[in-house]
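In what follows, every heavy atom counts, from backbone to side chain, and hydrogens, waters and symmetry copies are set aside. As the structure lists them, so they are numbered: ligands from 1, and atoms in each ligand from 1.
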Amino acid sequence: MKDINEIRKDFPILEKKIYNKPLVYLDNAATTQKPISVVQKIEDGYYNANANIHRGVHFLSQEATEAHEQARQKVADFLNANSSKEIIFTRGTTESINLVVSSYGEAFLKKGDEVIVSQMEHHANIVPWQMLRDKIGIVIKVIPLNSNQELDIEEYKKLITDKTKFVSISHVSNVLGTINPVKEIISIAHLNNIPVLVDGAQSVPHIKIDIKELDADFFVFSGHKIYGPTGIGVLYGKEKLLDNMPPYQGGGEMIANVSFEKTTYNELPYKFEAGTPDYIGSTALSTALEYIEKIGIDNIAHYEHELLSYATSELLKISGVKIFGNAKEKSSVLSFLIDGIHHYDMGLLLDKQGIAVRTGHHCAQPLMTYLGVEGTVRASFSFYNTKDEIDIFIKGVKRVVQMFQ
Ligand code: PLP
């Protein structure tokens with residue numbers, strides 16, 4: 001991997017002092033920091049390349065349109081999708097899932113049909129399905145976890161019935177770090193002709209995605225979790241499925257022709273992009289993907305795994321510590337509690353030392369209920385973090401433990 005000191009220079013925020021202490025940013029699963037190239041792309045977009053896209057005959061509009069479409073192609077290439085028509089820009093993972101649930105769900109599911117999710121889902125992959133349940137009466141079934149907090153694949157197989165019409169599953173748990181065997185999950189579903197949505201919010205920043213190899217029907221992620229801007233995300237969908245789905249929102253670019261009697265819809269991908277899209281965000285996301293590719297996703301995975309192993313072994317030396325998420329395949333997320341210390345207190349007292357971690361239920365309350373806790377402390381690592389920062393974090397945790405003794 002490129003020299004870590006050089007990498008850190010690309011992220012000026014990492015130089016920030018918090019309460020006069022160097023910032024140790026370990027909240028990367030919530031959102032990642034942005035490299036200079038991404039911020040410059042946004043700045044340059046507004047200063048030099050800003051015009052509403054698709055509708056203009058003038059130079060600037062055409063240039064902005066081209067940049068937006070090139071960004072779409074970049075995302076398609078990044079995922080190894082067949083065509084840029086399969087890439088819909090959304091506001092993020094949450095909107096992408098809501099789009100599929102509303103459009104596909106309302107068109108193709110009916111009362112009594114079963115949708116399988118898992119015990120470790122983020123609320124973004126639970127609540128939209130519950131809203132559909134309340135509207136049309138689908139049944140939600142839940143894949144349980146084994147003692148290592150991995151999905152129980154045998155139980156998953158047993159959940160599939162003639163009524164199962166959709167599987168919607170996270171690739172990587174934002175709480176446990178568990179990397180789910182999505183390829184296997186998908187192939188089992190496909191044996192039964194069931195489409196699968198993969199929530200890639202926590203996987204794209206850490207794992208190489210080859211959508212053709214995975215064979216996911218839908219794959220969703222957020223720009224801000226992969227070093228891109230907030231407010232932009234992606235829905236990948238197989239062209240045949242997207243083609244048959246009704247639009248999600250109406251207006252703007254999604255139309256072909258409008259009269260008061262009848263409106264016809266645009267072709268893919270525009271059918272799902274009503275209103276002015278975030279064309280500055282899409283181009284900055286493309287720059288973020290280029291940045292990631294330059295460092296190399298395999299290098300990133302390898303380095304982050306070293307950080308995770310080191311942090312895990314150091315944390316386990318502290319008495320009373322309990323780590324949640326012991327999967328064999330795990331990404332760089334470390335959730336824990338320490339006996340007698342509330343997660344919120346740990347988060348606050350680490351913050352006072354300049355260390356940013358996340359505390360609480362992490363938008364996964366059903367998982368918290370299963371784990372029998374109200375919340376956890378979560379440290380999540382990026383390729384710009386260092387072993388020295390892990391040492392500061394561990395020292396910080398020890399200091400909090402001393403305060404409570
Ligand atoms: N799914 C998972 C697994 C996540 O970790 C998150 C965010 O933490 C989301 C979905 C929602 O992402 P966003 O808020 O960017 O839409």
Side-chain angles (χ1 to χ4, degrees), residues 25-34 38 75 88-102 117-131 142-143 145 149-151 167-182 185 196-207 209 216 218-236 248 278 281-282 284-285 288-289 304 324-325 327 329-335 356-368 370-371 375-382:
Y25 186 78
L26 302 180
D27 195 17
N28 295 288
T31 200
T32 51
Q33 301 302 346
K34 318 305 169 200
V38 167
V75 175
I88 314 294
F89 284 118
T90 64
R91 283 194 303 119
T93 305
T94 303
E95 188 176 50
S96 297
I97 297 175
N98 275 276
L99 191 162
V100 173
V101 175
S102 289
V117 298
S118 87
Q119 187 73 49
M120 64 170 81
E121 296 312 312
H122 187 281
H123 295 163
N125 195 27
I126 299 174
V127 182
W129 294 111
Q130 290 175 321
M131 289 162 69
V142 182
I143 309 172
L145 309 186
Q149 288 104 35
E150 296 159 322
L151 292 183
V167 174
S168 197
I169 205 83
S170 61
H171 195 172
V172 171
S173 160
N174 63 316
V175 177
L176 305 166
T178 306
I179 301 174
N180 291 321
V182 280
I185 290 169
V196 181
L197 179 149
V198 175
D199 172 354
Q202 296 294 343
S203 64
V204 278
H206 311 287
I207 298 173
I209 303 297
F218 299 100
F219 186 94
V220 301
F221 70 93
S222 300
H224 71 98
K225 291 192 198 280
I226 186 163
Y227 310 94
T230 53
I232 187 91
V234 168
L235 162 64
Y236 158 86
Y248 170 54
D278 186 357
S282 63
L285 172 60
L289 299 182
E304 289 176 346
F324 299 88
E329 298 288 329
K330 198 177 157 176
S331 94
S332 55
V333 167
L334 188 52
S335 268
V357 295
R358 190 140 294 242
T359 65
H361 56 60
H362 315 295
C363 294
Q365 279 183 331
L367 176 59
M368 294 296 130
Y370 166 81
L371 296 171
T376 69
V377 184
R378 181 186 73 185
S380 49
F381 311 113
S382 157

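In terms of protein heavy-atom proximity, atom 2 (C) of ligand 1 is closest to Asp199 OD2, 3.4 Å. The protein heavy atom nearest to atom 16 (O) of ligand 1 is Thr94 OG1, 2.6 Å. Closest to atom 4 (C) of ligand 1, if we only count protein heavy atoms, is His122 CD2, 3.3 Å.
Remark: ligand 1 and His224 share an N or O pair separated by less than 3.5 Å (distance only, no angle test). Taking any N or O of Glu95, backbone or side chain, none lies under 3.5 Å from an N or O belonging to ligand 1.
When every heavy atom of Ile169 is checked against every heavy atom of Val117, the shortest pair comes out as CD1-C, 4.3 Å.
Taking every non-hydrogen atom of Asn174 and a distance limit under 4.0 Å, the qualifying atoms of ligand 1 come out as 5 (O). The distance from ligand 1 to the heavy atoms of Ser222 drops below 4.0 Å at these ligand atoms: 12 (O), 13 (P), 15 (O), 16 (O). Annotation for ligand 1: atoms under 4.0 Å from non-hydrogen atoms of Gln202 are 3 (C), 4 (C), 5 (O), 8 (O). Residue Lys225 approaches ligand 1 through these ligand atoms, each under 4.0 Å from one of its heavy atoms: 6 (C), 7 (C), 8 (O), 12 (O).
Ser380 and Asn28 form no side-chain donor-acceptor contact under 3.5 Å, judged by distance and modelled atom types alone. In this model, a donor atom of one side chain and an acceptor atom of the other lie less than 3.5 Å apart for Glu304 and His206.
Checked against ring-ring contact (aromatic ring centres under 6.0 Å, His included), His122 has no partners two or more places apart in sequence or in another chain. Shown here are the ring-ring contact (aromatic ring centres under 6.0 Å, His included) partners of Phe89, two or more places apart in sequence or in another chain: His68.
Screening Met120, Gln202, His362 for a side chain to side chain contact (heavy atoms under 4.5 Å, CB included) with Val175, the sole residue that qualifies is His362.
Arg378 has a carboxylate O that lies under 4.0 Å from a charged side-chain N of Asp27, or vice versa, which qualifies the two as a salt bridge.
Contacts of Ala201 with ligand 1, taken as heavy-atom pairs under 4.0 Å, involve the side chain alone.
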